[in-house]
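We name chains A, B, ... by the order of the sequence lines, and we start the count at 1 in each one. Bear in mind that the values here come from a model prediction, so they are computed numbers and not experimental data.
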Amino acid sequence: MNLLLSVEGVRVNYRTERGEITAVRNVSFYVDKGDILGIVGESGSGKSTLAYSVLNYIKPPGKIISGSVKLEGVGDLLKLGKEDVRKVLWKEIAIVPQATQNSMNPTMDVKDHFIDTMAAHGQNDKQKILETANRLLEEVKLDPQIVLSAYPHQLSGGMKQRVLIALSLVFEPKLLILDEPTSALDVVNQRLIMDLLKALHQKMGISIIFITHDIQLIKGFANKVLILYAGKAMELGDVNEVWNTPLNPYTIALLKSIPTLHGDVNSVSGIPGSMPDPYAEITGCPFASRCKFAKPVCFEKDPDFLEYKPGHFSACHFSKDIGDNYG
Amino acid sequence: MDELQEVGIQAKTSLLYFDNVSVHFEIKGMDKPLIAVDGVSFSMNDGELAALVGESGSGKSTLGRVVVGLQKPTSGKALFRGKDIYKLKGKAFLEYRRSVQLVHQDPYAALNPALTIYESLAPALRRWNIVDKKDTRKAVSSMLEFVGLRPENYIDKYPNQLSGGERQRICVARALSVRPKLVVADEPVTMIDVSLRLSIVDLLLNSKKQFGTSYIFITHDMALARYFLLKGGGGKLMVMENGKLVEMGDVEEVINNPKHEYTKKLIESVTE
Amino acid sequence: MKYGYILRRIAILVATLYTVITITFILVRLSPYDPYAYFLSQEASMGIASPSQLAALAEYYYNLIPNQPIYIQYFQYLISVMEGNFGHSLIYPQMTVANIIATRLPWTLYIVITSTVISFFIGTYAGQRLGYKRGGKVDGSIVTFFTVLHSIPIYGMGLILLFFISLKAGLLPSAGAYSANVAPGPNLPFIISVIRHSILPISTFIFGSVGGWTLGMRANTISVLGEDYVNAAELRGIPTSRIASRYVGRNAILPQFTSLVISIGFAFGGAVFVEQIFTYPGIGQMLVTSVGDGDYPVIMGITIIIIAAVLISVLVADLTYQFLDPRVRK
Amino acid sequence: MNSQDKGVEKKSGQKSQNPSSFTVFWRNKYARIGLIITVGFFVMGFIGPLVYPAPKIDLTEIFAPPSLAHPLGTDYLGRDTLGDIIYGTGYILEVTFIAALIGTGIGVAIGIASGYFRGAVGSLLMAITDIVLTIPGMILILVVASVVRSGNPLIVAGVLSVTAWAGFARAIRSQILSLRSSIFVEEARLLNLSSFHIIFKELMPNVMSYTAINFIFSVQGALFASVGLYFLGVLPFSAYNWGVMLSEATSFGGFLAPSLAVYLISPIAVITLFTVGLIYLSFGIDEVFNPRTRRR
């Protein structure tokens, strides 16, 4: 089997003073070996929460209500105890968190970060650790001589991001999750990181989940894409297929809101309205109020996430019609 | 004034006239100054649109700051209606100060977190006597309406109760409230959700249509710059690299027939 | 370490000391209350008529010669203070102020340093534990307990301990630094007596300051627990115990060291009350006695020395901090 | 985790009503207790003397235990302890609040001036602040008080403020320094709003919560210090004074009297209660002013 990770019906709620809000609504997706899956969503879409629930790492007031996350060779991560999850973290799945500017201990140098991380999983041979660190830092185009003894505040944002990517590879995990790895960086560093990741993926064959708000970053990088809206999975499929023949009105509207270099400027436009109030009870489809295809049924019944073409899923009552018209 | 004679008639009639403007930053511990803007020349007329495109670090934000009066150039001439921006005094300075405004990239930092939307918008109206004191609230309301926000839902809110897109609309309203002639929009939608970006760009273009506001639209995104200019009825695209303007011309012309290597590179890097 | 930073700290120390010396001079000589003029008139009224005798007395006690222009008096005073000459006590004319300070300062240092160290460690430990248990029922009542403890003024704490432990229960001595019936020196009975006499003053200090340390460390711990690098470490699978010590503990303690600097000044202020309550022969008690007696040469000398001691401890703490936090090191 | 719930948080409360500041304040349990205690002390200080009889010397009732006539017993002259406390409250409130006003006022003024106006004036103000900051306050207060020797509330408050402002001025300065280079201040400059507007309308609201909390802690500091000075006998004796009560508890042979415990503990207890009230009050103020909590 080629299947590496399968996520079924994950639901995450947050308890706030004003009541419960649902951050992730019964999301399902899967990752094959060697995949680069892009998870795309705007602010409030629950994309980070989804990534952390894959690691069974949701802190109160958040709570995983239901679902399963099965990793090949490990089983359902959501059923594991805290200590068992700890052993899986970084060895099997590594995550580079979003706020990398502050993701390193300010009182530890880079070398200590490598030593601590590898010692946590039983690797105590300092010589070996340093060898690994040297090799990986070179891999991400950093000079180990300088970087290993540097403290986080002495590194630029782009350098910190690369250190963390190097750190995430120490055990060559099966799956690497990157949460908005470029959003805090300028364009130059963004491109550098993307090229780096592409090279690492080719060289190590590592599977990647790439979370971003910028759908344009996905094109030409990922092979599969999952599109989230208000905590709900709207569409999942091969990147080119989703791009060329989207099955979901939200995807269509999202792609239409991106200007191009040669097309007619009047054929693109933003999506009117805004994300639904997280505190409001949503009946029906969360996108219905902004959707130009919306019919009465959309406000009454939440559409299921169904496979319309092989490997191409969508959550919309009219995906079939859309598919017929577009295709 | 001999300054005017030197630069000729175009300088006098232009809204904005930059001649060989450079900005150098002295950095401690470095022997050479950092050249942020390097000999830039261009001009803008009333009601004209321009887009300034380049990667981060190309100096486009610094150039924008020279235009709005926040960064004195090291050398060169930066003229507003024929007069040196950094030598303006008295009434002429006030006229300039009101005529040129900035919309900043980060709508989270551009609003005072301790003030309500009304408290953020009203002082400028009062400062410039744009409306009578008793009409201030009404005027703020109509500005909110102009930027597509229902006044009763927003006027007494604090910024932290609003989303990024809503905040940026407020910032646009504030910049437009003093009825400027020229607005420098520095990456105004970079921090906004993709699906909301174009509606904010359209908002800027609305004010061009209604009041004839000129814009310098700064962005790293070539396709977005094109959208802005074409949707607004055309304008010039300026491409900046390492502090220099490497290419400038009508937007369609530059995109379809780029002359400079760097422009070609930028165009190629756009995924479609 | 930053060279300029050390120089700046030392410059501030010198400037502060100079300011304090000047303030004491102004208070004694230029304020509307002018105790020095009062002293001269008292001496004159007691029959010492000869101006030269009066001048000799004035110099003996105050380091100031009357009838000189004020700026000459000021420079004389500055120079003698820098020479370590603080004049003589008005109450014990045979004692130099420097002498009095030398016999009393060690007792104060002993009490202040011991209690600050103990209180710092207890509070820091308890605060970290509480930080981890934040939000729970236990946390709430313990925080209330420490808030109340923190709200008792140090003299209130001292009086309560003196009254209940010493006077009512008779468990520990109520006054002095050691019993009259032991011979001072490196012998066991003396050491035991010194310790017994210091337990209550030291406890007063600890009870008075441990609440602040605990609440401070609790707040630091909670804020560090919310930092991204703690989450990032958890995500790397680093064991909880290691995170608690190297990630949370280390970073939460750093601000405590900054507070240590401020607390040193507070501790010397507190010594005034604690030594007065337990009639402990330290410099604070001497200061209060001198204030009561109007013994201005002693007041001036003690003030300058206490503040110098505080300044030096602050400098040491400050420079130590430079080694602990890599962010300020380079 | 920060990044996790950012999206959820950003929009929360969007359609909520703005609860009034007092509602937010009153919802906090600690704030409620703190406010009740503080108001209680004001009532005791200013209304108490109107309804409670003034303590009178009664040599037949020396160190009487608590009773109906004397709820907290009596002192070495047979005066009612509760009366002593009540009649002493007004003076304490006066001294501590004036001291906090002076200290906070100087602190805000110097902090803002040295943060906003850079250059020679700012540097000089900061150098002075740094010097005052390292002087241990209590010692200097003691020495100044010993020379001044006045019980006038204004003068005592002035003495207590000698060093109290410095730490606060420094904190305000660093906040102003970061605020003045913030983008929203730059925007105000672009709209040509005056320095007056920027200082009082843009910057001040951002340091208000810190100022209010500092005011409360200054009241507490002045409370400890002023009572302490009277306890040490540095300030002149006066009737109805908590510090004098403490001082008298230790002298006049009172330590041997069996009912001394109540007499000794009473002033300590009111000081502690007042301080707890102030600390709790500060929790509530933090909640009202802090934009992160205000949203909820």
Side chains of A:Glu235 and A:His312: donor-acceptor distance under 3.5 Å anywhere? yes
Regarding B:Asp156 and B:Thr116, do their side chains bring together a donor and an acceptor under 3.5 Å, going by distance alone? no
Which one, A:Gly273, A:Ser257, A:Ser269, A:Pro272, leads in non-hydrogen pairs under 4.5 Å with chain B? A:Ser257
Relative to chain A, which segment of B:Asp202 carries a heavy atom at a distance below 4.5 Å: side chain, backbone, both, or neither? neither
Tell me whether the rings of A:Phe287 and A:Tyr250 are parallel (<30°), tilted (30 to 60°) or perpendicular (>60°). perpendicular
Is A:Glu42 salt-bridged to A:Lys47, cutoff N-O under 4.0 Å? no
So which residue, B:Ser195, B:Ser56, B:Gly148, ends up with the most heavy-atom pairs under 4.5 Å with chain A? B:Ser195
